[in-house]
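Before any comments, here is the structure.
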Amino acid sequence: MLDDILTPEERALVARAKAFAEEHVAPHAARWEWERRYPLETIQAGCRAGLNTIELAKDKGGQGLSFSAKLRAFEEIARHDFAFAFAMMNHHNAVARFARDGAPAHVARLLPRMIAGEVIGCAGLSEPGVGSDFGGLEMAAVKVDGGWKLNGAKAWITNAAVCGMSVIYAQTDKALGYRGIACFAIEADRPGFHREPPFELHGGHAIGVGGFRLVDYVVPDEALLHPPGRAFKAALAGINGARAYVAAMCCGMLQASLETAVRYTQQRRTFGQPVLDHQGVRWKLVDAATDLEAARLLSYRAARLIDEGADAVLPAAHAKKFATEMAVRRIADCIQAMGANGLRAEYPLARHLAGAKIAAYTDGSIEMMNERIGVALPQVFG
Ligand SMILES: Cc1cc2nc3c(=O)[nH]c(=O)nc-3n(C[C@H](O)[C@H](O)[C@H](O)COP(=O)(O)OP(=O)(O)OC[C@H]3O[C@@H](n4cnc5c(N)ncnc54)[C@H](O)[C@@H]3O)c2cc1C
(Lines give C-alpha, C1' and ligand atoms only; values in the text may rest on other atoms or scores of the structure.)
Protein backbone atom coordinates (compact mmCIF):
# COMPACT_ATOMS: atom_id res chain seq x y z
CA MET A 1 0.00 0.00 0.00
CA LEU A 2 2.29 2.77 1.24
CA ASP A 3 5.27 1.00 -0.32
CA ASP A 4 3.81 1.76 -3.77
CA ILE A 5 4.58 5.44 -3.36
CA LEU A 6 8.06 4.94 -1.89
CA THR A 7 11.07 5.41 -4.14
CA PRO A 8 13.32 2.39 -4.88
CA GLU A 9 15.86 3.86 -2.42
CA GLU A 10 13.15 4.06 0.24
CA ARG A 11 11.95 0.52 -0.41
CA ALA A 12 15.56 -0.63 -0.04
CA LEU A 13 15.70 1.15 3.31
CA VAL A 14 12.54 -0.63 4.50
CA ALA A 15 14.09 -3.96 3.45
CA ARG A 16 17.29 -3.10 5.34
CA ALA A 17 15.33 -2.18 8.47
CA LYS A 18 13.45 -5.48 8.24
CA ALA A 19 16.69 -7.45 7.88
CA PHE A 20 18.28 -5.50 10.75
CA ALA A 21 15.33 -6.26 13.04
CA GLU A 22 15.36 -9.96 12.13
CA GLU A 23 19.08 -10.24 12.85
CA HIS A 24 19.62 -7.85 15.76
CA VAL A 25 16.27 -7.41 17.51
CA ALA A 26 14.16 -10.57 17.18
CA PRO A 27 16.68 -12.96 18.80
CA HIS A 28 17.36 -10.69 21.79
CA ALA A 29 14.21 -8.71 22.63
CA ALA A 30 12.84 -11.20 25.16
CA ARG A 31 16.22 -11.31 26.94
CA TRP A 32 16.42 -7.51 27.19
CA GLU A 33 13.10 -7.62 28.97
CA TRP A 34 14.13 -10.42 31.38
CA GLU A 35 17.42 -8.66 32.10
CA ARG A 36 15.52 -5.38 32.49
CA ARG A 37 18.01 -3.49 30.45
CA TYR A 38 18.42 -0.92 27.71
CA PRO A 39 20.13 -2.43 24.63
CA LEU A 40 22.60 0.39 23.99
CA GLU A 41 24.82 -1.81 21.82
CA THR A 42 21.91 -2.57 19.48
CA ILE A 43 20.81 1.08 19.36
CA GLN A 44 24.40 1.86 18.30
CA ALA A 45 24.30 -0.95 15.71
CA GLY A 46 21.06 0.65 14.46
CA CYS A 47 22.92 3.94 14.10
CA ARG A 48 25.61 2.23 12.02
CA ALA A 49 22.80 0.79 9.86
CA GLY A 50 21.41 4.30 9.31
CA LEU A 51 18.24 3.91 11.37
CA ASN A 52 18.87 7.30 13.02
CA THR A 53 19.37 9.33 9.83
CA ILE A 54 16.45 8.36 7.57
CA GLU A 55 14.85 11.82 7.51
CA LEU A 56 18.02 13.78 8.22
CA ALA A 57 18.96 16.04 5.29
CA LYS A 58 21.75 14.74 3.03
CA ASP A 59 23.87 17.87 3.56
CA LYS A 60 23.82 17.15 7.31
CA GLY A 61 25.03 13.57 6.86
CA GLY A 62 21.61 11.92 6.56
CA GLN A 63 19.67 10.04 3.89
CA GLY A 64 17.04 12.71 3.15
CA LEU A 65 14.20 10.20 2.80
CA SER A 66 10.50 10.72 3.44
CA PHE A 67 8.50 10.44 6.64
CA SER A 68 6.56 7.57 5.04
CA ALA A 69 9.80 5.65 4.53
CA LYS A 70 10.71 6.13 8.18
CA LEU A 71 7.27 5.03 9.31
CA ARG A 72 7.41 1.86 7.21
CA ALA A 73 10.94 1.03 8.40
CA PHE A 74 9.88 1.31 12.04
CA GLU A 75 6.69 -0.66 11.47
CA GLU A 76 8.96 -3.52 10.40
CA ILE A 77 11.18 -3.12 13.47
CA ALA A 78 8.19 -3.02 15.85
CA ARG A 79 7.07 -6.42 14.52
CA HIS A 80 9.86 -7.75 16.69
CA ASP A 81 9.93 -5.27 19.57
CA PHE A 82 8.01 -2.07 20.20
CA ALA A 83 10.36 -0.97 22.99
CA PHE A 84 13.48 -1.08 20.83
CA ALA A 85 11.68 0.55 17.88
CA PHE A 86 10.41 3.35 20.10
CA ALA A 87 13.81 4.03 21.69
CA MET A 88 15.57 4.01 18.29
CA MET A 89 12.90 6.30 16.83
CA ASN A 90 13.26 8.79 19.67
CA HIS A 91 16.99 8.98 19.07
CA HIS A 92 16.34 9.50 15.34
CA ASN A 93 13.92 12.31 16.10
CA ALA A 94 16.37 14.05 18.42
CA VAL A 95 19.06 13.84 15.70
CA ALA A 96 16.75 15.34 13.06
CA ARG A 97 15.32 18.08 15.31
CA PHE A 98 18.72 19.14 16.61
CA ALA A 99 20.22 19.19 13.11
CA ARG A 100 17.33 21.32 11.84
CA ASP A 101 16.92 23.75 14.73
CA GLY A 102 20.27 23.85 16.54
CA ALA A 103 22.84 26.66 16.29
CA PRO A 104 25.40 25.82 13.54
CA ALA A 105 28.43 25.67 15.86
CA HIS A 106 26.56 23.53 18.41
CA VAL A 107 25.36 21.19 15.66
CA ALA A 108 28.85 20.94 14.16
CA ARG A 109 30.24 19.89 17.55
CA LEU A 110 27.54 17.42 18.66
CA LEU A 111 25.69 16.06 15.61
CA PRO A 112 28.48 13.77 14.31
CA ARG A 113 28.58 12.05 17.72
CA MET A 114 24.79 11.63 17.70
CA ILE A 115 24.87 10.19 14.18
CA ALA A 116 27.58 7.75 15.30
CA GLY A 117 25.50 6.73 18.32
CA GLU A 118 28.11 7.92 20.83
CA VAL A 119 25.60 10.47 22.15
CA ILE A 120 21.98 9.29 22.43
CA GLY A 121 19.21 11.85 22.18
CA CYS A 122 15.78 12.23 23.75
CA ALA A 123 12.93 14.74 24.08
CA GLY A 124 11.69 16.00 27.43
CA LEU A 125 8.24 17.48 27.79
CA SER A 126 6.76 15.34 30.56
CA GLU A 127 7.56 15.94 34.23
CA PRO A 128 6.78 14.09 37.47
CA GLY A 129 3.59 16.18 37.83
CA VAL A 130 2.82 16.94 34.17
CA GLY A 131 1.84 14.60 31.30
CA SER A 132 -1.20 15.19 29.10
CA ASP A 133 -1.39 18.87 30.01
CA PHE A 134 2.18 19.68 29.07
CA GLY A 135 1.37 23.37 28.63
CA GLY A 136 1.48 23.43 32.44
CA LEU A 137 5.08 22.21 32.73
CA GLU A 138 7.11 23.54 35.62
CA MET A 139 10.78 23.29 34.74
CA ALA A 140 11.96 26.89 35.02
CA ALA A 141 14.26 28.74 32.63
CA VAL A 142 15.70 32.08 33.78
CA LYS A 143 17.75 34.33 31.48
CA VAL A 144 21.28 34.93 32.73
CA ASP A 145 24.25 36.65 31.15
CA GLY A 146 25.14 34.71 27.97
CA GLY A 147 22.65 31.94 28.52
CA TRP A 148 19.86 30.42 30.58
CA LYS A 149 19.68 28.81 34.01
CA LEU A 150 17.38 25.77 34.23
CA ASN A 151 15.84 24.18 37.33
CA GLY A 152 13.31 21.36 37.56
CA ALA A 153 12.68 17.69 36.79
CA LYS A 154 11.73 15.68 33.73
CA ALA A 155 10.09 12.23 33.97
CA TRP A 156 8.87 9.55 31.59
CA ILE A 157 11.56 10.40 29.06
CA THR A 158 12.41 7.71 26.50
CA ASN A 159 16.20 7.02 26.38
CA ALA A 160 16.72 8.94 29.66
CA ALA A 161 18.65 5.94 30.98
CA VAL A 162 21.60 6.78 28.71
CA CYS A 163 20.86 10.08 26.98
CA GLY A 164 23.75 12.46 26.38
CA MET A 165 21.58 15.14 24.80
CA SER A 166 17.98 16.16 25.38
CA VAL A 167 15.63 18.51 23.60
CA ILE A 168 13.78 19.93 26.61
CA TYR A 169 10.97 22.37 27.19
CA ALA A 170 11.00 24.83 30.09
CA GLN A 171 8.85 27.72 31.31
CA THR A 172 10.39 31.20 31.11
CA ASP A 173 7.39 33.09 32.53
CA LYS A 174 4.49 31.32 34.23
CA ALA A 175 2.21 34.32 33.66
CA LEU A 176 2.45 33.71 29.89
CA GLY A 177 1.20 30.11 30.15
CA TYR A 178 2.13 27.96 27.14
CA ARG A 179 3.46 31.08 25.36
CA GLY A 180 6.22 31.29 27.97
CA ILE A 181 7.63 27.86 27.10
CA ALA A 182 11.05 27.73 25.42
CA CYS A 183 12.98 24.78 23.98
CA PHE A 184 16.66 23.97 24.62
CA ALA A 185 19.21 21.36 23.55
CA ILE A 186 20.96 20.34 26.76
CA GLU A 187 23.87 17.99 27.36
CA ALA A 188 24.11 15.46 30.17
CA ASP A 189 27.80 15.95 30.88
CA ARG A 190 27.43 19.54 32.13
CA PRO A 191 27.28 20.43 35.85
CA GLY A 192 23.77 20.41 37.29
CA PHE A 193 22.45 17.43 35.29
CA HIS A 194 21.35 14.61 37.65
CA ARG A 195 20.07 11.42 36.06
CA GLU A 196 17.43 9.36 37.94
CA PRO A 197 17.49 5.54 37.78
CA PRO A 198 15.34 4.30 34.85
CA PHE A 199 11.77 3.24 35.62
CA GLU A 200 10.88 -0.45 35.89
CA LEU A 201 8.34 -0.74 33.07
CA HIS A 202 6.68 -4.09 32.31
CA GLY A 203 7.30 -4.95 28.67
CA GLY A 204 9.25 -1.78 28.07
CA HIS A 205 12.67 -1.97 29.71
CA ALA A 206 14.37 -1.50 26.34
CA ILE A 207 12.79 1.98 26.13
CA GLY A 208 15.14 3.16 28.86
CA VAL A 209 12.40 5.46 30.12
CA GLY A 210 13.20 7.57 33.18
CA GLY A 211 14.02 11.08 34.19
CA PHE A 212 16.55 13.65 35.29
CA ARG A 213 16.76 16.75 37.43
CA LEU A 214 18.40 20.02 36.47
CA VAL A 215 19.81 22.00 39.38
CA ASP A 216 21.15 25.46 38.48
CA TYR A 217 22.03 24.00 35.10
CA VAL A 218 23.37 26.76 32.85
CA VAL A 219 23.23 26.53 29.06
CA PRO A 220 24.76 29.04 26.66
CA ASP A 221 22.47 31.04 24.36
CA GLU A 222 23.39 28.75 21.46
CA ALA A 223 21.43 25.94 23.18
CA LEU A 224 18.10 27.74 22.68
CA LEU A 225 16.29 25.87 19.89
CA HIS A 226 13.01 27.80 20.05
CA PRO A 227 12.36 31.01 22.02
CA PRO A 228 9.25 31.58 24.14
CA GLY A 229 6.23 31.94 21.91
CA ARG A 230 7.52 29.47 19.32
CA ALA A 231 8.47 26.35 21.30
CA PHE A 232 4.98 25.11 22.12
CA LYS A 233 3.99 25.32 18.45
CA ALA A 234 7.20 23.51 17.46
CA ALA A 235 6.38 20.69 19.91
CA LEU A 236 2.91 20.30 18.42
CA ALA A 237 4.32 20.34 14.88
CA GLY A 238 6.11 17.05 15.45
CA ILE A 239 3.32 15.33 17.31
CA ASN A 240 1.26 14.29 14.26
CA GLY A 241 4.20 12.32 12.92
CA ALA A 242 4.69 10.63 16.29
CA ARG A 243 1.02 9.63 16.40
CA ALA A 244 1.17 8.21 12.88
CA TYR A 245 4.29 6.13 13.48
CA VAL A 246 3.07 4.83 16.84
CA ALA A 247 -0.06 3.67 14.98
CA ALA A 248 2.13 1.94 12.38
CA MET A 249 4.19 0.30 15.12
CA CYS A 250 0.95 -1.14 16.55
CA CYS A 251 0.22 -2.55 13.09
CA GLY A 252 3.65 -4.18 13.09
CA MET A 253 2.99 -5.80 16.47
CA LEU A 254 -0.45 -7.09 15.45
CA GLN A 255 0.92 -8.39 12.12
CA ALA A 256 3.48 -10.49 14.03
CA SER A 257 0.86 -11.64 16.54
CA LEU A 258 -1.54 -12.74 13.80
CA GLU A 259 1.19 -14.59 11.93
CA THR A 260 2.11 -16.44 15.12
CA ALA A 261 -1.48 -17.23 16.06
CA VAL A 262 -2.50 -18.43 12.59
CA ARG A 263 0.55 -20.71 12.26
CA TYR A 264 -0.05 -22.12 15.74
CA THR A 265 -3.81 -22.69 15.39
CA GLN A 266 -3.31 -24.40 12.02
CA GLN A 267 -1.22 -27.15 13.59
CA ARG A 268 -2.82 -27.38 17.07
CA ARG A 269 -5.84 -29.70 17.07
CA THR A 270 -8.82 -29.90 19.47
CA PHE A 271 -11.98 -32.00 19.08
CA GLY A 272 -10.55 -33.64 15.97
CA GLN A 273 -9.73 -30.55 13.94
CA PRO A 274 -7.24 -27.66 13.75
CA VAL A 275 -8.11 -24.93 16.26
CA LEU A 276 -8.24 -22.45 13.35
CA ASP A 277 -11.16 -24.39 11.88
CA HIS A 278 -13.35 -23.72 14.91
CA GLN A 279 -15.46 -20.81 13.81
CA GLY A 280 -15.34 -19.13 17.23
CA VAL A 281 -11.55 -18.89 17.00
CA ARG A 282 -11.32 -18.19 13.27
CA TRP A 283 -13.72 -15.25 13.40
CA LYS A 284 -11.77 -13.65 16.25
CA LEU A 285 -8.63 -13.76 14.09
CA VAL A 286 -10.63 -12.56 11.08
CA ASP A 287 -11.79 -9.54 13.09
CA ALA A 288 -8.17 -8.90 14.06
CA ALA A 289 -7.13 -9.05 10.38
CA THR A 290 -9.89 -6.58 9.43
CA ASP A 291 -8.86 -4.15 12.18
CA LEU A 292 -5.25 -4.45 11.04
CA GLU A 293 -6.23 -3.46 7.49
CA ALA A 294 -8.17 -0.46 8.78
CA ALA A 295 -5.41 0.69 11.15
CA ARG A 296 -2.83 0.44 8.36
CA LEU A 297 -4.95 2.55 6.04
CA LEU A 298 -5.40 5.20 8.73
CA SER A 299 -1.72 5.39 9.65
CA TYR A 300 -0.52 5.32 6.02
CA ARG A 301 -2.98 8.07 5.12
CA ALA A 302 -1.68 10.24 7.94
CA ALA A 303 1.90 9.55 6.79
CA ARG A 304 1.12 10.58 3.20
CA LEU A 305 -0.51 13.81 4.36
CA ILE A 306 2.52 14.60 6.53
CA ASP A 307 4.85 14.11 3.56
CA GLU A 308 2.61 16.32 1.42
CA GLY A 309 2.72 19.04 4.09
CA ALA A 310 -1.07 18.85 4.42
CA ASP A 311 -3.07 19.15 7.64
CA ALA A 312 -2.68 15.79 9.40
CA VAL A 313 -3.98 16.67 12.87
CA LEU A 314 -7.23 14.72 12.68
CA PRO A 315 -5.98 11.83 10.50
CA ALA A 316 -3.07 11.28 12.91
CA ALA A 317 -5.37 11.42 15.96
CA HIS A 318 -7.82 8.96 14.39
CA ALA A 319 -4.95 6.65 13.40
CA LYS A 320 -3.35 6.61 16.84
CA LYS A 321 -6.61 6.20 18.70
CA PHE A 322 -7.86 3.38 16.49
CA ALA A 323 -4.54 1.55 16.16
CA THR A 324 -3.63 1.55 19.86
CA GLU A 325 -7.11 0.50 20.98
CA MET A 326 -7.41 -2.24 18.41
CA ALA A 327 -3.86 -3.51 19.05
CA VAL A 328 -4.52 -4.03 22.77
CA ARG A 329 -7.77 -5.88 22.03
CA ARG A 330 -6.60 -7.90 19.03
CA ILE A 331 -3.20 -8.96 20.34
CA ALA A 332 -5.06 -10.27 23.42
CA ASP A 333 -7.38 -12.17 21.04
CA CYS A 334 -4.35 -13.74 19.31
CA ILE A 335 -3.05 -14.89 22.70
CA GLN A 336 -6.49 -16.31 23.54
CA ALA A 337 -6.60 -18.26 20.28
CA MET A 338 -3.35 -20.00 21.20
CA GLY A 339 -4.54 -21.15 24.61
CA ALA A 340 -2.02 -21.14 27.45
CA ASN A 341 0.88 -21.47 25.01
CA GLY A 342 0.13 -17.94 23.77
CA LEU A 343 1.52 -16.61 27.04
CA ARG A 344 4.90 -18.33 26.77
CA ALA A 345 7.91 -16.08 26.41
CA GLU A 346 9.14 -17.99 23.33
CA TYR A 347 6.35 -16.17 21.50
CA PRO A 348 6.40 -12.35 21.34
CA LEU A 349 2.67 -11.88 21.96
CA ALA A 350 2.64 -11.00 25.68
CA ARG A 351 5.51 -8.55 25.10
CA HIS A 352 3.59 -7.02 22.19
CA LEU A 353 0.48 -6.71 24.37
CA ALA A 354 2.50 -4.69 26.87
CA GLY A 355 3.94 -2.68 23.96
CA ALA A 356 0.46 -1.85 22.67
CA LYS A 357 -0.62 -0.72 26.13
CA ILE A 358 2.45 1.52 26.38
CA ALA A 359 1.70 2.90 22.90
CA ALA A 360 -1.72 3.97 24.17
CA TYR A 361 -0.03 6.65 26.34
CA THR A 362 2.97 7.87 24.39
CA ASP A 363 2.60 11.05 22.32
CA GLY A 364 -0.90 11.60 23.66
CA SER A 365 -3.25 9.14 25.32
CA ILE A 366 -6.45 7.74 23.78
CA GLU A 367 -8.42 10.29 25.81
CA MET A 368 -6.31 13.13 24.42
CA MET A 369 -7.01 11.82 20.90
CA ASN A 370 -10.72 11.94 21.75
CA GLU A 371 -10.32 15.51 22.99
CA ARG A 372 -8.55 16.48 19.75
CA ILE A 373 -11.18 14.85 17.56
CA GLY A 374 -13.95 16.20 19.80
CA VAL A 375 -12.83 19.82 19.40
CA ALA A 376 -13.18 19.44 15.62
CA LEU A 377 -16.62 17.80 15.63
CA PRO A 378 -18.54 21.06 14.95
CA GLN A 379 -16.25 21.94 12.02
CA VAL A 380 -16.32 18.46 10.50
CA PHE A 381 -19.93 17.43 11.17
CA GLY A 382 -21.73 20.55 12.42
C1 LIG B 1 7.02 4.36 27.73
C2 LIG B 1 6.75 5.82 27.74
C3 LIG B 1 7.63 6.67 27.10
C4 LIG B 1 7.42 8.04 27.14
N5 LIG B 1 8.35 8.86 26.54
C6 LIG B 1 8.21 10.20 26.65
C7 LIG B 1 9.23 11.06 26.13
O8 LIG B 1 10.19 10.62 25.51
N9 LIG B 1 9.10 12.39 26.35
C10 LIG B 1 8.04 12.93 27.03
O11 LIG B 1 8.00 14.13 27.18
N12 LIG B 1 7.05 12.13 27.52
C13 LIG B 1 7.11 10.79 27.35
N14 LIG B 1 6.14 9.95 27.87
C15 LIG B 1 5.04 10.54 28.62
C16 LIG B 1 3.73 10.52 27.88
O17 LIG B 1 3.72 11.52 26.90
C18 LIG B 1 2.62 10.68 28.94
O19 LIG B 1 2.51 9.44 29.62
C20 LIG B 1 1.32 11.07 28.34
O21 LIG B 1 1.38 12.40 27.86
C22 LIG B 1 0.18 10.96 29.37
O23 LIG B 1 0.51 11.65 30.54
P24 LIG B 1 0.43 10.92 31.98
O25 LIG B 1 0.89 9.54 31.82
O26 LIG B 1 1.12 11.79 32.93
O27 LIG B 1 -1.10 10.87 32.31
P28 LIG B 1 -1.96 12.06 32.97
O29 LIG B 1 -1.80 13.30 32.18
O30 LIG B 1 -1.68 12.09 34.43
O31 LIG B 1 -3.44 11.50 32.76
C32 LIG B 1 -3.94 10.37 33.51
C33 LIG B 1 -5.11 9.77 32.77
O34 LIG B 1 -6.15 10.75 32.66
C35 LIG B 1 -6.49 10.95 31.31
N36 LIG B 1 -6.79 12.36 31.11
C37 LIG B 1 -5.98 13.43 31.40
N38 LIG B 1 -6.61 14.58 31.08
C39 LIG B 1 -7.82 14.23 30.57
C40 LIG B 1 -8.92 14.96 30.01
N41 LIG B 1 -8.89 16.30 29.89
N42 LIG B 1 -10.00 14.27 29.59
C43 LIG B 1 -10.05 12.92 29.66
N44 LIG B 1 -9.03 12.18 30.15
C45 LIG B 1 -7.94 12.82 30.60
C46 LIG B 1 -5.26 10.53 30.49
O47 LIG B 1 -5.60 10.15 29.18
C48 LIG B 1 -4.76 9.35 31.33
O49 LIG B 1 -5.49 8.20 30.98
C50 LIG B 1 6.30 8.57 27.81
C51 LIG B 1 5.38 7.70 28.41
C52 LIG B 1 5.59 6.35 28.38
C53 LIG B 1 4.60 5.42 29.04
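Just so you know, ligand 1 is whichever comes first in the structure, and atom 1 is the first atom listed for that ligand. Note that the structure is predicted; figures quoted are calculated from it, not measured.
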Check your understanding: Can you list the atoms of ligand 1 that are under 4.0 Å from a heavy atom of Ser365?
Key -> 46 (C), 47 (O)
Review point. Under 4.0 Å from any heavy atom of Thr362, which atoms of ligand 1 are there?
Key: 2 (C), 3 (C), 52 (C)
**Study point:** Within reach of ligand 1, part of Asn159 (heavy-atom separation under 4.0 Å)
**Key:** neither
Check your understanding: Are Asp221 and Lys143 within salt-bridge range, i.e. N to O under 4.0 Å?
Key -> yes
Practice item. Could you tell me whether Ile157 and ligand 1 have an N or O pair separated by under 3.5 Å? Key: no
Check your understanding: For atom 19 (O) of ligand 1, which of Tyr361, Phe82, Phe86 has the closest heavy atom?
Key -> Tyr361
Check your understanding: Has the side chain of Arg195 got a donor or acceptor atom that lies under 3.5 Å from a matching backbone atom of Cys163?
Key -> yes
**Study point:** Close-contact set for ligand 1 against Ile207 heavy atoms, below 4.0 Å
**Key:** 1 (C)
Check your understanding: What protein heavy atom sits nearest atom 5 (N) of ligand 1, and how far off is it?
Key -> Thr158 OG1, 2.8 Å
**Study point:** Proximal ligand 1 atoms for Leu125, defined as those under 4.0 Å from one of its heavy atoms
**Key:** 10 (C), 11 (O)
Check your understanding: Any nitrogen or oxygen of Val130, main chain or side chain, under 3.5 Å from a nitrogen or oxygen of ligand 1?
Key -> no
**Study point:** Protein residue, atom and distance nearest to atom 7 (C) of ligand 1, heavy-atom basis
**Key:** Trp156 O, 3.3 Å
Review point. For atom 3 (C) of ligand 1, is the nearest protein heavy atom under 4.0 Å away?
Key: yes
Review point. Is the closest basic N to carboxylate O distance between Asp291 and Arg329 below 4.0 Å?
Key: yes
Review point. Does the side chain of Tyr347 reach to within under 4.5 Å of the side chain of Ile335, using non-hydrogen atoms?
Key: no
Check your understanding: For ligand 1, is any non-hydrogen atom under 4.0 Å from Cys122's backbone (N, CA, C, O), its side chain (CB onward), both, or neither?
Key -> neither
Check your understanding: Just heavy atoms, cut-off under 4.0 Å: does Leu201 contact ligand 1 by side chain, backbone, both, or neither?
Key -> side chain
Exercise for review: List the closest protein heavy-atom neighbour of atom 10 (C) of ligand 1: residue, atom name, distance to the nearest 0.1 Å.
Suggested key: Ser126 OG, 3.4 Å
Check your understanding: Got a salt bridge between Glu138 and Lys154, using NZ or NE/NH1/NH2 to carboxylate O under 4.0 Å?
Key -> no
Practice item. Among Arg296, His352, Glu75, find the residue that satisfies the side chain to side chain donor-acceptor pair (under 3.5 Å) test when tested with Gln255. Key: Arg296
Check your understanding: Can you say whether the rings of Phe271 and His278 are parallel (under 30°), tilted (30 to 60°) or perpendicular (over 60°)?
Key -> perpendicular
Review point. Is at least one protein non-hydrogen atom found at under 4.0 angstrom from atom 30 (O) of ligand 1?
Key: no
Review point. Would you call the rings of Tyr245 and Phe67 parallel, tilted or perpendicular, where under 30° means parallel and over 60° means perpendicular?
Key: tilted
Practice item. Would you check whether Gly204 reaches within less than 4.0 Å of ligand 1, judged by its heavy atoms? Key: no
**Study point:** Pair Arg330 + Asp333, salt bridge at N-O below 4.0 Å
**Key:** yes
**Study point:** Taking atom 1 (C) of ligand 1 as the reference point, the nearest protein heavy atom with its distance
**Key:** Ile358 CG2, 3.4 Å
Point to revise | Carboxylate-amine/guanidinium contact Glu118 Arg113, below 4.0 Å | key: yes
Revision key, fill the gap. Of all protein heavy atoms, the one nearest atom 39 (C) of ligand 1 is Met368 CE, 3.2 Å
Check your understanding: Do Glu10 and Ser66 have side-chain atoms, one donor and one acceptor, less than 3.5 Å apart?
Key -> yes
Exercise for review: List the closest protein heavy-atom neighbour of atom 27 (O) of ligand 1: residue, atom name, distance to the nearest 0.1 Å.
Suggested key: Ser132 OG, 4.0 Å
Review point. Would a 4.0 Å cut-off, counted as strictly less than, catch a protein heavy atom around atom 34 (O) of ligand 1?
Key: no
Study note, to complete from the structure: Residues at least two apart in sequence or cross-chain that pass side-chain hydrogen bond (donor to acceptor under 3.5 Å, both in side chains) with His226, listed by chain then number, are Asp101
Check your understanding: Hey, mind stepping through Phe212 and His194 against side chain to side chain contact (heavy atoms under 4.5 Å, CB included) and telling me if it holds?
Key -> CA-CA 5 Å; Phe212 49 81; His194 304 277; over 6 Å; no
Point to revise | Nearest-neighbour protein heavy atom for atom 48 (C) of ligand 1, which is reported as residue plus atom name and distance | key: Glu367 OE1, 4.2 Å
Check your understanding: Considering only heavy atoms of Asn90, which atoms of ligand 1 have at least one such atom less than 4.0 Å away?
Key -> 8 (O)
Review point. So do the side chains of Phe84 and His80 get within less than 4.5 Å of each other, counting heavy atoms only?
Key: no
Review point. For ligand 1, which part of Val209 has a heavy atom less than 4.0 Å away: the side chain, the backbone, both, or neither?
Key: side chain
Exercise for review: Identify the protein heavy atom lying closest to atom 26 (O) of ligand 1, giving its residue, its atom name and the separation to 0.1 Å.
Suggested key: Gly131 CA, 3.3 Å
